[in-house]
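Just follow the structure's listing: the first ligand is 1, and inside any ligand the first atom is 1. Position 1 is the first residue of the sequence; numbering continues from there. The analysis underlying the following values was restricted to heavy atoms, covering all of them including side chains, and did not include hydrogens, waters or symmetry mates.
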Amino acid sequence: MKPATHPTLLVDSIGCLLTLDPDLGDGPLGIVEDAAVAVAGERILFAGARRRLPAPYREAETIGAGGALVTPGLIDCHTHLVFAGDRSDEFFARLAGRSYEEIARSGGGIRRTVEATAGASDEKLRALARSRLDRFLAAGVTTVEAKSGYALSPEGELRLLRIAGSLGHAVSVVPTFLGAHVVPPGFAADRGAYVRVVTEEMLPRVVAERLSGICDVFCDEAAFSVDEAALILGRAKGLGLEVKLHADQLTGNGGAELAARLGALSADHLERVSDEGVAALSRSGTVAVLLPGAVFFLGKRSYPPARKLLDAGVPVAVSTDFNPGTSPTENLPLMMTLAAVELRMTAEEIWTGVTTSAARALALKDRGRLAPGLRADLVVWEAARPEEVPGRFGGVAVRCAVSGGRPFGMGLDSRGASH
Ligand SMILES: [Zn+2]
C-alpha cells in the first residue's frame with residue numbers, strides 16, 4: 001500500500017511541541033512553540049511551527065491541543081508484560097526483612113510467577129496483558145517492550161511470545177525472548193542442560209517462527225553467569241537476533257562489559273556497574289536502561305550511577321521494568337520523577353530517556369521523535385511545559401494519545417487496533 005500523502009489528522013494549537021529532533025526545533029529536545037503536527041495514515045506528514053503548516057493540511061480532522069504540551073508517545077523499553085498471579089505479599093515480606101534472594105530460594109520470586117502463568121489460559125493472559133496496556137496508554141506510553149521468561153520451557157516461552165505479539169492493542173508491543181530468565185528448578189543440578197535447551201531448542205524456533213527479533217538474558221548470581229549469558233547471546237547473534245541483558249543488578253559481575261563486547265542494544269539495571277563497565281558502554285554505544293522503580297520498590301538505596309553514565313556519554317533510557325515482583329507499575333511518568341530525584345537526571349535527559357534512547361534500546365528507527373515519515377505516535381498532555389510531566393509526582397496528565405495515527409482519548413476504546 002502506498003503511504004497516504006493527504007492529511008488524515010491534524011493536532012493543532014500546540015503550545016509547546018517536543019519533536020526530539022534538533023533539526024526541527026530548539027535545543028536537544030527540538031522544541032517548537034505554537035506548533036502543529038499533521039498526520040497521514042500511520043505516519044507524520046508535518047511537525048513544526050503553525051505558521052509553516054501548508055494550508056490544505058488545515059482541512060483534516062483536528063484535535064485542538066489548546067496550548068498544551070505535545071510530545072512523542074513514550075516508549076517503555078523494558079517490561080515483563082505477560083504473566084498471571086500476584087506477589088504483593090512478597091513486598092511486605094521484604095519490608096519485614098527478608099531479602100529478594102531469600103524469597104526466591106524459598107519458592108517465591110520468578111518461579112512463583114512461572115507456576116501461576118502455567119496455570120492460566122491464553123485468553124486469561126491476553127486479558128491481563130491488555131488491561132495493563134490500557135494503563136500504559138493512560139500514562140502516555142504508546143510502545144511497550146514485552147519479555148517472555150515466565151514459562152522456562154520451549155512450548156511455554158513460545159506461547160508467551162505469541163501472546164505478546166498478538167494483543168491487538170493501541171499500544172505497540174515489541175516481544176523480546178527471555179528464555180534465560182532463571183534456571184528452572186528441574187535443571188538445578190545441570191545448568192548446562194538448560195542453557196542447551198535455550199540455545200538449541202528455543203532460539204531456533206523463536207527465529208523460525210519470527211516471534212522476536214531480540215534475545216535477553218538475566219545475567220546475575222541468582223540467574224545466569226557471564227559465561228552462560230555469553231554462550232546464549234552469542235548463539236542468538238549467530239541466528240541474526242539483536243541482544244541485550246539484565247546486567248549488574250543485584251551483584252556486579254561484569255554484565256556491562258559483556259554487553260559492550262557483544263555490541264548489545266542495551267544493558268539494563270546497572271545498579272552495581274563498575275567504572276570499567278561504564279567506560280566499556282561508552283565505547284560500544286550500548287544504551288544503559290535504568291529502572292529506578294525496581295530499586296525504589298525493593299526498598300533499596302542502590303540507584304544506578306546515572307550521572308557517571310551520562311557524563312561518560314552513554315545513552316541512557318528510563319523504563320518501568322513492569323513486573324509482578326520488583327516493579328508492579330505501568331506509570332512511566334512516575335519513573336521520570338524518580339529519574340529526576342534519585343538519578344539526578346535533567347528534564348532534557350529524562351525526556352530523551354523515554355523517547356529516542358528507549359527507541360534505540362529496541363532498535364526502532366521509526367519512532368521516538370516527531371519528524372515527517374516517522375510513526376505518528378504522540379501525546380497531548382494536561383501540561384504546558386516538559387518539566388511538568390516528571391514534576392507531577394505519581395500523577396498522570398494525559399489528555400489524549402495518538403498511536404499509529406489513531407487518536408485515543410482517555411476512556412475511549414483502545415482495543416482492536418492492528419499492531
Ligand atoms: Zn527486567
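For the Zn ion (ligand 1), protein N, O or S atoms closer than 2.8 Å were enumerated as H78 NE2, H80 NE2, H246 NE2, D321 OD1, with waters left out.
Listed by chain and number, the residues in a side chain to side chain donor-acceptor pair (under 3.5 Å) with D190 amount to none (sequence neighbours excluded).
Of the residues V379, V70, L69, the one that meets the side chain to side chain contact (heavy atoms under 4.5 Å, CB included) test with L18 is L69.
The pair E155-R205 meets the salt-bridge criterion, since a charged nitrogen lies less than 4.0 angstrom from a carboxylate oxygen. By the 4.0 Å N-to-carboxylate-O rule, K308 lies close enough to D275 to be salt-bridged with it.
Between the side chain of R399 and the backbone N or O of A65, at least one donor-acceptor pair lies under 3.5 Å.
In this structure, H246 and H181 have tilted ring planes: the angle between them lies in the 30° to 60° band.
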